[in-house]
Amino acid sequence: MTNSQHLARQTAVQALYQYSLRGQQPSEIEDSFIFNKKLSGKYKQFFFRLIRGIAPHTEDIDRLFDQHLDRAKEQLDLVTLAVLRIGAFELAHQPGTPMKVIINESIDLAKEFGAEQGYKYINGVLDKVAKEVRGNQQA
């Protein structure tokens, strides 16, 4: 993991939070996040891939983890939802990124932005998604 890739994920959590809160389209919020976080090059492209791959397809992404939740998705706070969407999206659509990296990054994001023990919940849900999406692939 590089710090810049982590920064791209952090920025994606914030952008997806704003997307969920205000209902803005990715194109409406991307520029301000790119400018404020000084993302460039392949990390900017990674951020775009996350936002453009998740925001318009939240229903499809949410289906990857819905059955693994212990409550209605609407009861999740928006940070938890953003982190789950990023993790589930990466597990399903970033096969070159190891499962362990995706789950650890999601845990780190939850610790940074979420509720105090929220990372444990995210770890449990994404572990189930990983097994479903990637089968017995080694972390």
Side-chain angles (χ1 to χ4, degrees):
M1 173 191 69
T2 66
N3 288 335
S4 294
Q5 197 160 19
H6 184 72
L7 178 61
R9 286 184 179 101
Q10 286 176 319
T11 307
V13 168
Q14 294 169 323
L16 288 171
Y17 178 89
Q18 184 169 325
Y19 168 80
S20 295
L21 192 63
R22 297 188 183 162
Q24 292 176 298
Q25 292 306 308
S27 59
E28 295 176 297
I29 58 176
E30 286 174 346
D31 288 342
S32 66
F33 281 98
I34 296 276
F35 177 76
N36 290 336
K37 296 296 184 173
K38 297 178 175 57
L39 287 173
S40 62
K42 65 182 178 179
Y43 304 111
K44 179 178 169 181
Q45 295 308 311
F46 181 57
F47 169 76
F48 283 150
R49 190 173 330 125
L50 291 173
I51 297 304
R52 294 173 184 173
I54 296 168
H57 307 287
T58 55
E59 288 182 23
D60 294 331
I61 301 299
D62 293 358
R63 277 191 210 101
L64 295 170
F65 60 79
D66 274 343
Q67 74 253 17
H68 305 299
L69 301 176
D70 64 354
R71 63 194 87 148
K73 177 179 66 178
E74 294 73 27
Q75 294 178 319
L76 296 175
D77 64 85
L78 295 180
V79 170
T80 298
L81 194 55
V83 174
L84 284 172
R85 285 175 173 161
I86 291 169
F89 174 80
E90 284 198 78
L91 287 167
H93 300 286
Q94 298 285 122
T97 306
M99 290 186 317
K100 185 175 182 176
V101 169
I102 295 168
I103 292 173
N104 285 342
E105 276 285 297
S106 298
I107 289 168
D108 288 345
L109 293 169
K111 286 178 179 178
E112 289 175 57
F113 296 111
E116 189 173 322
Q117 298 295 313
Y119 72 92
K120 293 178 182 178
Y121 185 74
I122 286 170
N123 183 30
V125 172
L126 289 180
D127 187 54
K128 292 172 185 169
V129 172
K131 289 176 182 162
E132 188 174 287
V133 171
R134 295 198 180 181
N136 292 327
Q137 178 185 345
Q138 291 294 313

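Bear in mind that the values here come from a model prediction, so they are computed numbers and not experimental data.
- With a 6.0 Å radius and a threshold of 12 heavy atoms from other residues, nucleotides or ligands, Q117 has its CD atom above the threshold.
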Could you walk me through whether D60 and R63 pass salt bridge (charged side-chain N to carboxylate O under 4.0 Å, His left out), step by step?
-> CA-CA 5 Å; D60 294 331; R63 277 191 210 101; 2.5 Å; yes
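- Rounding to the nearest 0.5 Å gives a distance of 9.0 Å between CD of E74 and CG of L81.
- Put simply, CG on L91 and CG on L64 are 8.5 Å apart, with the number rounded to the nearest 0.5 Å.
- The closest side-chain heavy-atom distance from K128 to F65 is not below 4.5 Å.
- Here the straight-line distance linking atom CG of L109 with atom CG of N104 works out to 11.0 Å at 0.5 Å rounding.
- Heavy-atom minimum distance, A88 versus L126: N-CD2, 3.7 Å.
- When all heavy atoms of I122 and A110 are compared, the pair lying nearest together is CD1-CB, 3.5 Å.
- Within 6.0 Å of OH on Y17 lie no more than 12 heavy atoms contributed by other residues, nucleotides or ligands.
- Between F46 and A8, the shortest heavy-atom contact is CD2-CB, 3.6 Å.
- Cation-pi contact between R85 and Y19: absent, since separation from the ring centre below 6.0 Å together with deviation from the ring axis within 45° is not met.
- Atom-to-atom distance recorded for L84:CG and H68:NE2 is 11.0 Å, nearest 0.5 angstrom.
- A donor atom on one side chain and an acceptor atom on the other are found under 3.5 Å apart for Q67 and E132.
- Heavy atoms from other residues, nucleotides or ligands lying under 6.0 Å from NZ of K42 number 12 at most.
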